[in-house]
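Working notes for the structure below.
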Amino acid sequence: MTHLPQPLLVATRNAHKLAEIRALLPGLDLIGTDAYPHVPDPVEDGLTFEANAAIKALAWRDATGLPALADDSGLAVDALGGAPGVNSARYAGTHGDTAANNAKLLRALAPYPAPGQRAARFVCVLALALPGEPEPRLFRGECHGRILPAPQGDHGFGYDPLFAPDGHDRSFGLLPEAVKAAISHRARAFARLRAALPGI
Ligand code: ITT
């Protein structure tokens with residue numbers, strides 16, 4: 001198979017992610033999970049981005065019968081031993097509470113004020129689960145940078161206002177959205193997917 005099968009279910013409940021994925025796959029027939037409100041969200045209890053991406057892609061493929069593409073992603077901060085990592089969406093306790101997550105991250109990094117102590121990377125693992133294939137195909141992308149002392153801007157979502165990618169002084173929250181679309185962890189994972197499935 002050299003092309004992505006269509007229609008393709010994008011296995012995310014995160015509207016911001018879905019919008020970025022639509023922009024990274026222009027012209028493809030993509031279906032969001034809104035079309036399936038009765039399907040329960042799978043439990044993401046994997047210890048790695050790969051494991052959780054696979055859980056989501058397989059669960060949604062099996063629930064709908066459609067080829068499914070999942071994105072498991074998050075922020076790994078060196079000084080925090082890789083936290084929040086796979087817990088990025090629920091770092092402060094409540095799933096998707098961005099303000100609380102970002103506030104907790106700034107508190108955790110207060111003992112590390114120097115820019116050189118605040119290295120971090122965004123990670124994205126895409127899992128493509130195709131009907132008839134036992135294992136999903138996995139594609140990983142990373143974007144390295146650092147955590148800023150205070151939030152900047154309101155582009156993007158999640159930790160974007162706190163993250164300045166390498167080579168830039170401003171956050172993904174302030175940088176033009178085209179910059180994130182070109183260099184993000186998600187863009188890099190999609191570049192890998194495209195290389196493996198030429199013709200997309
Ligand atoms: P789905 O599982 O339904 O896709 P989710 O938001 O729960 O949605 P994850 O479990 O993969 O997805 O958690 C991803 C979290 O990591 C997300 O909620 C943000 O806090 C953070 N994150 C991931 N990608 C990001 C990005 O591009 N910019 C900023 N924060 C990001």
Side-chain angles (χ1 to χ4, degrees), residues 9-24 30-37 39-60 63 68-77 80 82-106 120-129 136 138-148 151-165 168 171-175 177-190:
L9 183 99
V10 182
T12 179
R13 295 282 190 196
N14 182 324
H16 301 282
K17 253 192 209 179
L18 177 61
E20 289 193 7
I21 290 171
R22 283 192 187 283
L24 288 163
L30 304 178
I31 300 180
T33 54
D34 284 358
Y36 297 90
V39 173
D41 291 334
V43 179
E44 295 178 44
D45 56 2
L47 299 180
T48 63
F49 295 108
E50 281 78 3
N52 284 331
I55 286 169
K56 288 187 276 195
L58 292 171
W60 279 97
L69 179 70
D71 163 321
D72 201 65
S73 46
L75 180 72
V77 180
L80 306 179
V86 294
N87 294 317
S88 290
R90 52 181 182 269
Y91 184 43
T94 304
H95 193 106
D97 188 341
T98 296
N101 288 340
N102 288 3
K104 180 173 176 180
L105 179 63
L106 287 179
R121 62 192 179 282
F122 273 130
V123 179
C124 173
V125 174
L126 298 172
L128 177 64
L138 300 175
F139 308 95
R140 185 184 180 100
E142 297 193 0
C143 179
H144 293 232
R146 68 178 197 285
I147 303 303
L148 296 167
Q152 294 181 351
D154 57 5
H155 297 165
F157 67 99
Y159 299 94
D160 281 339
L162 289 177
F163 182 87
H168 297 269
S171 74
F172 271 151
L174 267 189
L175 287 164
E177 288 171 3
V179 173
K180 183 179 180 190
I183 66 169
S184 78
H185 49 316
R186 192 160 291 112
R188 287 175 172 152
F190 272 101

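Counting starts at 1 for both ligands and their atoms, in listed order. Values reported hereafter were calculated over all heavy atoms of this structure, with side chains retained and with hydrogens, waters and symmetry mates removed.
Between Phe122 and His185, the ring planes lie parallel to each other; the angle is under 30°, not in the 30° to 60° tilted range.
Looking at residues two or more places apart in sequence or on another chain, you find no side-chain hydrogen bond (donor to acceptor under 3.5 Å, both in side chains) involving His168.
Under a 4.0 Å N-O distance rule, the pair Glu20/Arg22 does not qualify as a salt bridge.
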- Between Lys56 and Glu44, does a side chain to side chain contact (heavy atoms under 4.5 Å, CB included) hold up when you go through it step by step? CA-CA 7 Å; Lys56 288 187 276 195; Glu44 295 178 44; 3.4 Å; yes
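Not less than 6.0 angstrom separates the ring centroid of Phe139 from the ring centroid of Phe190.
Under 4.0 Å from any atom of ligand 1, one finds heavy atoms of residues Thr12, Arg13, Asn14, Lys17, Glu44, Lys56, Asp71, Asp72, Ser73, Gly74, Ser88, Ala89, His95, Phe122, Phe157, Gly158, Tyr159, Asp160, Lys180, His185, Arg186.
The nearest pair of heavy atoms linking Ile21 to Arg186 is CG1-CD, 4.1 Å.
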